[in-house]
Amino acid sequence: MPRCIPTAIERRARTDPGKLRSLYEDGHTIRLGNLQRVVPFLADVSRGIQQETGYSNYLHAFVTPPGRQGLLHHWDQQMAVIVQIAGIKRWQLWRPMFPSPMREYQESFRVWDPGFIPRWEAMGPDLEIDLRPGQSLLLPRRWVHNPHALDSEVRSIHLTFAIRERTPVWVAEKLVGRVIEKDSFRRVILPGDIGGHRLSQQVRDVRQALVEHLAGLDVDDFAQSLHRAALSEKEYTT
């Protein structure tokens, strides 16, 4: 099973270093999450990425004992940039199984099949990269990866910049989100209207109102607000 221990191992609201050390010595990987929130330099790097790309992002560090492994084969719903700090980590990579996964859709744990790993192992990886200190790897979303510390004497430390690429779903969510400014979209749907024919009619009414709302939208004004959001909104996940 994948073994990756987040930093939320606490005693009286503080991280318990003794428990972390014990788990690390037992072979578990330690994850230090959302470092852009607590390390000023990394916060600057995170902001720089967003200002240049319009993509929100977050940063984790992974500390893996010599010759051990944290997470097993999986794929992510966002692009990642891996930066190796210490030790050597081998990245076994397989071509994607599902197109364009994202949050709540085709994430590995949502569509997981126990037969995946034996199948990948039997085929062998499509790529195998030994990442050394100072080197980085651009890992596109959806690529299956199976990383593990290669050196039996030196622990592996790497940073993962998880970069949330913008998609048409993001634009659609923002378009729909604007309707909250209109009273008609904030009115209460009565309990008696949630079900059967009445709910179908509610759907028709809202669909028509949404079509009219979108038809009357100032596209250029909306695009400007969307650009501001892309450069400023923080959408961290764990």
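The salt bridge (Lys or Arg N to Asp or Glu O under 4.0 Å) search around Arg141 returns Glu165, not counting sequence neighbours. For the salt bridge (Lys or Arg N to Asp or Glu O under 4.0 Å) test, residues two or more places apart in sequence or in another chain that qualify with Arg47 are Asp44. Listed by chain and residue number, Glu153, Val154 satisfy the side chain to side chain contact (heavy atoms under 4.5 Å, CB included) test with Asp151 (two or more places apart in sequence, or in another chain). Every residue two or more places apart in sequence or in another chain that forms a side chain to side chain contact (heavy atoms under 4.5 Å, CB included) with Val83 is listed here: Val81, Ile85, Ser136, Leu159, Phe161. With sequence neighbours excluded, the residues that form a salt bridge (Lys or Arg N to Asp or Glu O under 4.0 Å) with Lys174 are Glu233. The salt bridge (Lys or Arg N to Asp or Glu O under 4.0 Å) search around Asp218 returns none, not counting sequence neighbours. Residues forming a ring-ring contact (aromatic ring centres under 6.0 Å, His included) with Phe116 (at least two apart in sequence, or on another chain): Trp112, Trp120.
Side chains of Asn34 and Leu59 form no contact here, defined as non-hydrogen atoms less than 4.5 Å apart. Within the 4.5 Å cutoff, side-chain heavy atoms of Ser225 are placed close to those of Arg228. Side-chain contact between Glu212 and Gln208 is present, with at least one heavy-atom pair separated by less than 4.5 Å. Using a 4.5 Å heavy-atom threshold, the side chains of Trp94 and Asn146 count as touching. Residues Leu226 and Trp170 form a side-chain contact, since some pair of their non-hydrogen atoms from C-beta on lies under 4.5 Å apart. Residues Asp193 and Leu199 have side chains not in contact (no heavy-atom distance under 4.5 Å, counting atoms from C-beta outward). You'll find the side chain of Arg164 stays beyond 4.5 Å of the side chain of Asn57, heavy atoms only. In this structure the side chain of Pro99 reaches within 4.5 angstrom of the side chain of Gln106, judged on heavy atoms.
Side chains of Ser232 and Gln50: a donor-acceptor N/O pair is absent below 3.5 angstrom, by distance only. No hydrogens or angles considered: nothing links the side chains of Ser156 and Arg68 as a donor-acceptor pair under 3.5 Å. Judged by distance alone, the side chains of Gln201 and Asp205 do bring a donor and an acceptor atom under 3.5 Å apart. A donor-acceptor contact under 3.5 angstrom links the side chains of His145 and His74, judged on distance only.
The salt bridge (charged side-chain N to carboxylate O under 4.0 Å, His left out) pairs that include a residue from residues 109-124 are Glu107-Arg110, where partners are two or more places apart or lie in different chains. Within the structure, ring-ring contact (aromatic ring centres under 6.0 Å, His included) pairs that include any residue of residues 175-232 do not occur (at least two apart or interchain). Within the structure, every pair that satisfies the salt bridge (charged side-chain N to carboxylate O under 4.0 Å, His left out) test and touches residues 94-104, not counting sequence neighbours, is listed here: Arg103-Glu173.
By the rule that hydrophobic residues join a cluster once side-chain heavy atoms approach within less than 4.5 Å of another member, Met102 and Val176 end up as members of separate clusters. Cluster annotation: Met97 and Met123 are assigned to the same hydrophobic cluster (Ile/Leu/Val/Met/Phe/Trp/Tyr, side-chain heavy-atom contacts under 4.5 Å, transitive). Grouping the Ile, Leu, Val, Met, Phe, Trp and Tyr side chains by contacts below 4.5 angstrom, directly or via other members, places Tyr105 apart from Phe98.
Pairing each heavy atom of Arg142 with each of Pro101, the nearest pair is CB-CD, 3.2 Å. Between Ala149 and Pro65 the shortest heavy-atom distance is CB-O, 3.7 Å. For the residue pair Asp221 and Arg178, the shortest heavy atom distance occurs at OD2-NH2, 3.9 Å. Scanning all heavy atoms of the two residues, the minimum distance from Gln36 to Leu42 falls at CB-O, 4.1 Å. Closest approach of Ile157 to Arg155, counting heavy atoms only: CD1-NE, 3.9 Å. The shortest heavy-atom contact between Gln78 and Tyr58 is OE1-OH, 3.5 Å.
At distances below 3.5 Å, not a single donor-acceptor pair connects side-chain atoms of Thr160 with backbone N or O atoms of Ala162. Side-chain atoms of Thr53 come within 3.5 Å of backbone N or O of Ile49 as a donor-acceptor pair. Arg90 places no side-chain N or O within donor-acceptor distance of the main-chain N or O of Leu150, the cut-off being under 3.5 Å.
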Yes or no on side-chain hydrogen bond (donor to acceptor under 3.5 Å, both in side chains) for Gln84 and Gln135, after CA distance, side-chain angles and deciding distance? CA-CA 6 Å; Gln84 191 70 19; Gln135 294 181 326; over 6 Å; no
Yes or no on side chain to side chain contact (heavy atoms under 4.5 Å, CB included) for Leu35 and Leu32, after CA distance, side-chain angles and deciding distance? CA-CA 7 Å; Leu35 292 182; Leu32 308 173; 4.0 Å; yes
Would Lys234 and Ser56 satisfy side chain to side chain contact (heavy atoms under 4.5 Å, CB included), going step by step from the backbone distance to the final call? CA-CA 6 Å; Lys234 307 300 180 186; Ser56 64; 5.6 Å; no
Mind running side chain to side chain contact (heavy atoms under 4.5 Å, CB included) on Tyr24 and Val63 for me, showing each step along the way? CA-CA 9 Å; Tyr24 174 81; Val63 183; 3.9 Å; yes
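Of the listed residues (Lys89, Gln69, His158), just one forms a side chain to side chain donor-acceptor pair (under 3.5 Å) with Thr64, and that residue is Lys89.
Think of Phe109 as one node in a network of Ile, Leu, Val, Met, Phe, Trp and Tyr side chains linked at under 4.5 Å; it has no links at all. In the hydrophobic clustering (ILVMFWY side chains linked at under 4.5 Å, chained through shared members), Leu93 is joined by Ile82, Trp91, Leu127, Ile129, Leu131, Leu137, Leu139, Trp143.
At most 12 non-hydrogen atoms from other residues, nucleotides or ligands lie less than 6.0 angstrom from CZ of Arg207.
Atom CG of residue Leu23 and atom CG of residue Asp16 lie 9.5 Å apart, to the nearest 0.5 angstrom.
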